[in-house]
Amino acid sequence: MRITRRQFIKFISATAAAMGLNQLELEKVAEVLAKPSALGTLPVLWIQNQVCGGCITAFAGVFAGEVDYTDINGDNIYDTTGLVQAKALNSPGYTAGSNASSSTVDDVLLDVIDLKFMNVIMGPAGELAASILDYYENTAAGGSFVVIIDGTIPSEDKYCGLGYVAGQEIASPSNVEAIAKKAALVIAYGTCASFGGVPAAMNRKYDAVSGRYEGGMTTTAAFAGPVPDDWAANSYNLLQKVVRIPTCPGHPEALLLTVVDALEALGSAYGGRLPSGHPWKPTVAELVANIDSLGRPKKSLVLSKALGVNVWLYGQPIHLACPRLPKYNLGVFDRYFGDTRQGCLQQLGCQGPSVYTPCVSLKWNREVSSNTTCVAQGAPCVGCGAPGFPDRTLNLQYK
Amino acid sequence: MATYHLDPVNRIEGHLGVELTVDDGTSAVTDVRVKSMMYRGFENILYKRHQKEAITIVQRI
């Protein structure tokens with residue numbers, strides 16, 4: 001998957017419009033960040049564990065209908081019979097779903113990110129695909145790539161298989177852990193990867209967490225949960241932290257803006273485009289300080305520096321930016337679902353004051369209006385981006 | 001008898017795999033298993049919950 005300059009400018013301009021900011025300023029940011037990098041890009045592996053597919057749908061929706069399937073020669077990777085042409089996996093420029101190198105360099109800016117592996121959009125299947133994971137686990141140099149982990153991490157390999165290479169199964173968590181421990185950055189995308197989410201919810205039938213087979217299992221040994229912090233505690237990881245992008249699904253703009261921050265802070269060797277000393281350039285210390293105790297980025301550093309305002313990601317509760325906050329201040333509260341007064345939803349169980357997500361500050365689906373959030377539509381916030389979702393937040397709502 | 005795996009199957013959401021058993025002599029496929037490689041257990045998660053919680057949980061299948 002390759003993201004063109006036009007797509008990136010479109011995306012970042014929509015972000016500006018959604019926030020009511022000066023669009024010209026933001027396009028300037030996009031122009032700088034979208035410059036082609038002579039150094040190429042950092043490969044990104046998107047690994048799915050116990051997922052529902054919502055995160056990928058949300059992320060792929062950013063560039064929906066604009067995925068490019070041409071290879072290095074400009075040919076479509078699908079031949080006339082619809083079969084995938086076998087590609088040398090580790091040849092220069094190979095990426096999942098397309099080729100990173102382009103015959104039209106002018107019009108393509110590559111790579112804010114360069115996806116090597118992603119189940120849903122990649123071209124190869126079977127061993128051809130699984131051997132990408134095998135390559136990054138066993139052959140690739142440590143610290144030469146980024147891993148985005150999607151979905152809850154199961155307790156044992158038998159709950160989540162990722163593929164077969166030479167008759168050997170690649171499975172989560174053991175192989176995923178080995179890959180993550182070689183990565184320069186480990187990003188947990190979505191509530192499941194960040195905090196456990198629905199697959200790690202309380203299983204009242206067996207008085208244990210879920211994510212396991214029914215018969216013959218001990219109740220507590222089988223545990224499904226978030227990406228463990230120690231996956232990032234190694235010599236290759238540049239932050240020594242798992243960066244978490246919660247909400248269900250993960251917020252795609254928050255992911256992209258966080259990746260941009262990280263690449264710019266880590267420098268040109270990692271695909272950063274701002275020259276050293278540039279006023280927008282975040283330092284690694286700022287990057288680490290921007291990540292809170294739960295691993296969430298508080299704000300977008302590059303955008304905040306470029307625009308002079310705080311572009312909040314996970315540093316502000318959605319209540320403070322809620323479109324219904326004026327009604328709260330006036331003491332107008334909805335008493336039932338669909339109340340035409342469109343007041344504050346607090347009495348219907350809204351979790352807004354305690355949930356730190358970019359839902360309201362960045363909106364969803366790149367819409368300019370504020371209607372693309374749950375609270376604007378009259379649905380109280382269920383806290384899908386909070387630790388403890390769904391058990392803690394739903395218990396508060398429906399007790 | 002040789003066993004071949006087509007796993008993962010791309011362009012599908014979830015973890016799908018196909019296991020083929022091929023007869024060495026005739027090259028005929030003698031057995032095919034289509035496998036879902038991932039388990040979460042939504043039935044157990046929903047057990048004894050308030051019905052309104054199902055609205056929020058089941059939409060995440």
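First the proteins, then the strands, lettered A, B, ... as listed; each starts at 1.
Contact annotation: the side chain of B:M37 approaches that of A:E169 to within less than 4.5 Å [non-hydrogen atoms, C-beta and beyond]. The shortest distance between side-chain heavy atoms of B:E53 and A:V382 does not fall below 4.5 Å.
In this structure, SG on A:C248 lies 7.5 Å from CD on B:Q59, to the nearest 0.5 angstrom. The CG atom of A:D391 sits 7.0 Å away from atom CD1 of B:I57, with the distance rounded to the nearest 0.5 Å.
Between B:H5 and A:G167, the shortest heavy-atom distance links the atoms CD2-CA, 4.5 Å.
For the options B:D7, B:L16, B:L6, heavy-atom pairs under 4.5 Å to chain A are most numerous at B:D7.
At distances below 3.5 Å, at least one donor-acceptor pair connects side-chain atoms of B:H15 with backbone N or O atoms of A:N49. B:R40 places a side-chain N or O within donor-acceptor distance of the main-chain N or O of A:V51, the cut-off being under 3.5 Å.
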Practice item. Check the pair B:T56, A:V198 against side-chain contact (heavy atoms from CB on, under 4.5 Å), reporting the backbone distance first and the verdict last. Key: CA-CA 10 Å; B:T56 308; A:V198 169; over 6 Å; no

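Residue A:C192: no heavy atom, backbone or side chain, is found under 4.5 Å from chain B.
Atom CD of A:Q168 is surrounded by 12 or fewer heavy atoms from other residues, nucleotides or ligands within 6.0 Å. No more than 12 heavy atoms of other residues, nucleotides or ligands shown are found within 6.0 angstrom of CZ on B:R33.
Taking the six-membered ring for Trp and thresholds of 30 and 60 degrees, B:Y39 and A:Y159 have ring planes inclined between 30 and 60 degrees apart.
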